[in-house]
Number of protein chains: 2
Amino acid sequence: MRYHRVPDETIKRLPIYLRRVIHLSEMGVKCVSSTELAIFLGISPWQIRKDLSYFGGFGTRGVGYNVENLVSRIREILKLNVTRKAALVGVGNLGSAILSYPGFNRYWLEIAAAFDIDKGKVGKKLNGLVVEDVAYLRTLKDRQINLGIIAVPGEAVQEVANNLVEAGIKAILNFAPRYIEVPKRVKVITIDIALYLARLPYYVPSKWMGKTY
Amino acid sequence: MRYHRVPDETIKRLPIYLRRVIHLSEMGVKCVSSTELAIFLGISPWQIRKDLSYFGGFGTRGVGYNVENLVSRIREILKLNVTRKAALVGVGNLGSAILSYPGFNRYWLEIAAAFDIDKGKVGKKLNGLVVEDVAYLRTLKDRQINLGIIAVPGEAVQEVANNLVEAGIKAILNFAPRYIEVPKRVKVITIDIALYLARLPYYVPSKWMGKTY
DNA sequence: TGGTGTGAACGGCTTCACAGCT
DNA sequence: AGCTGTGAAGCCGTTCACACCA
């Protein structure tokens, strides 16, 4: 295919494909077609083929995609070909849940440090990690950790983000309900869980949701 | 404005606007312009005006938007004009964190029931809610709860989703890393946290992320 | 025949420019 | 003058149809 800018929407779907092909690989499946993937992912086969074709076709016509090959190609594209380290800031309820979430290492991601401002939490061991004082965020620079996860209350977010950027973090996953300002070179993805839940009622036909509930 | 289908992207942004205007309202601000909103939300002023105009202009030319008015209009549009009840299934690490998340009632959302399959958890009180056995999901039908939140391991998701639909739930927020199949009338939003984190390295220029890290 | 790869058509969302109020 | 409201233009992403290859 001739030169094409890769749509960001495509990048959002790649991890979904990766999730599935890793699973297929673990099940010992050797080959998969775009249609088979489509059924399990709720995405159209055309979309899947188009997405993959942006990076140079790596399927076999008349056959499908080699599962192992897909895993390694998508890993490469997403720069997950080596384990990436992330620092978590804020080990409250949500932070702790993230820390104990078992799904990250499947994607070659590792939460390699955890920080909190609460002296009562600092020093405690959580999921094999000793919680550090936020004052030591700057040490991240020398620890080859360049992803940040923010799970602190809204008021503190911007300051934490500033400190993370200062500490050389290159991309941030923000769970606090605030837009944060960072230099353009730093990527931020914000997940405000309440915002997703708040969107649900919109999709429910009103006849199922009388005003008097 | 003449008839226009409202883009789903607009619906995704409305809760973001709501978050901000609620905050402004609490601070006692009476009036806000699209440009002021834009600065705090990282969204262009044109976009904000266009989004709001889909529902009939409710700003004042030359002045801006009345904050209280914006709050109630967006509430109405999102069908949050009365408190909506949600049932949580799965009170593991993530489920518990969601349960204790203080941000929902700001959007007139209430987690009104919690379920788990683990008999060890059933009966325990968490955040003022007694955890119920998943066997009793069907009782939701009579309890005017029509939103569902799934926070169970991947293998169990589809079954839980089936039971929720059976129990009359109309929309689902799914935290498990699986696509789930439901009748078309039921809306599902899936948040796979690991997928967001897995996307971050892509945006980091490779020179900052040597292969040998 | 069966499934991928891809230009082209299509549709939807964003950006723009400016008309319209206050 | 200032800020909203909105048709129109432009851009981006999805869908389609079919060429291509095993």
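So you know, we letter chains A, B, ... as the sequences are listed, proteins then strands, and number each from 1.
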Subject >> Letter per nucleotide, 5' to 3', of nucleotides 15-22 of chain D [B base touched, S only sugar-phosphate touched, - untouched; heavy atoms, 4.0 Å] >> reply: BS--BBBS
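- The distance between atom CG of D51(A) and atom P of dC12(D), rounded to the nearest whole Å, is 17 Å.
- Residue S53(B) has its side chain nearest to dG5(D) when only dG5(D), dG5(C), dC13(C) are considered.
- Whole-Å rounding puts the I43(B) CD1 to dT15(C) C1' distance at 15 Å.
- Residue pairs that meet the ring-ring contact (aromatic ring centres under 6.0 Å, His included) test with at least one member in residues 88-117 of chain A, sequence neighbours left out, are Y101(A)-F104(A).
- Residue T35(B) is out of contact with every strand shown, counting any heavy-atom pair closer than 4.0 Å.
- Rounded to an integer number of Å, the gap from F55(B) CZ to dT4(D) P is 17 Å.
- Spacing between atom CG of N66(B) and atom P of dC3(D) amounts to 16 Å, rounded to whole angstrom units.
- A heavy-atom distance below 4.5 Å is not found between the side chains of V6(A) and I77(A).
- Backbone-only engagement by D8(B) is indicated by non-hydrogen atom pairs under 4.0 Å involving sugar-phosphate atoms exclusively.
- To the nearest angstrom, C1' of dG2(C) lies 12 Å from CD of E36(A).
- Side chains of D8(B) and Y203(A): a donor-acceptor N/O pair is present below 3.5 angstrom, by distance only.
- In this entry the distance linking CD of E9(A) with P of dC11(D) reads 19 Å, nearest Å.
- Rounded to whole Å, the distance from CG on L52(B) to P on dC3(D) is 16 Å.
- For the pair Y54(B) OH and dG12(C) P, the interatomic distance rounds to 11 Å; values are reported in whole Å.
- At a threshold of 4.0 angstrom between heavy atoms, the contacts of S34(B) are confined to the sugar-phosphate backbone, with no base atom among them.
- N127(A) and S100(A) form no side-chain donor-acceptor contact under 3.5 Å, judged by distance and modelled atom types alone.
- Of the residues near DNA chain D, V6(A) and G57(B), the one whose nearest nucleotide (by heavy atom distance) lies more toward the 5' end is G57(B).
- E166(A) meets the side chain to side chain contact (heavy atoms under 4.5 Å, CB included) test with no other residue; sequence neighbours excluded.
- Put simply, R5(B) has a side-chain N or O that comes within less than 4.0 Å of OP1 or OP2 on dC13(C).
- Taking the side chain as every heavy atom from C-beta outward, I117(B) and V152(B) never approach each other to under 4.5 Å.
- Heavy-atom contacts from other residues, nucleotides or ligands closer than 6.0 Å to OH of Y196(A) number more than 12.
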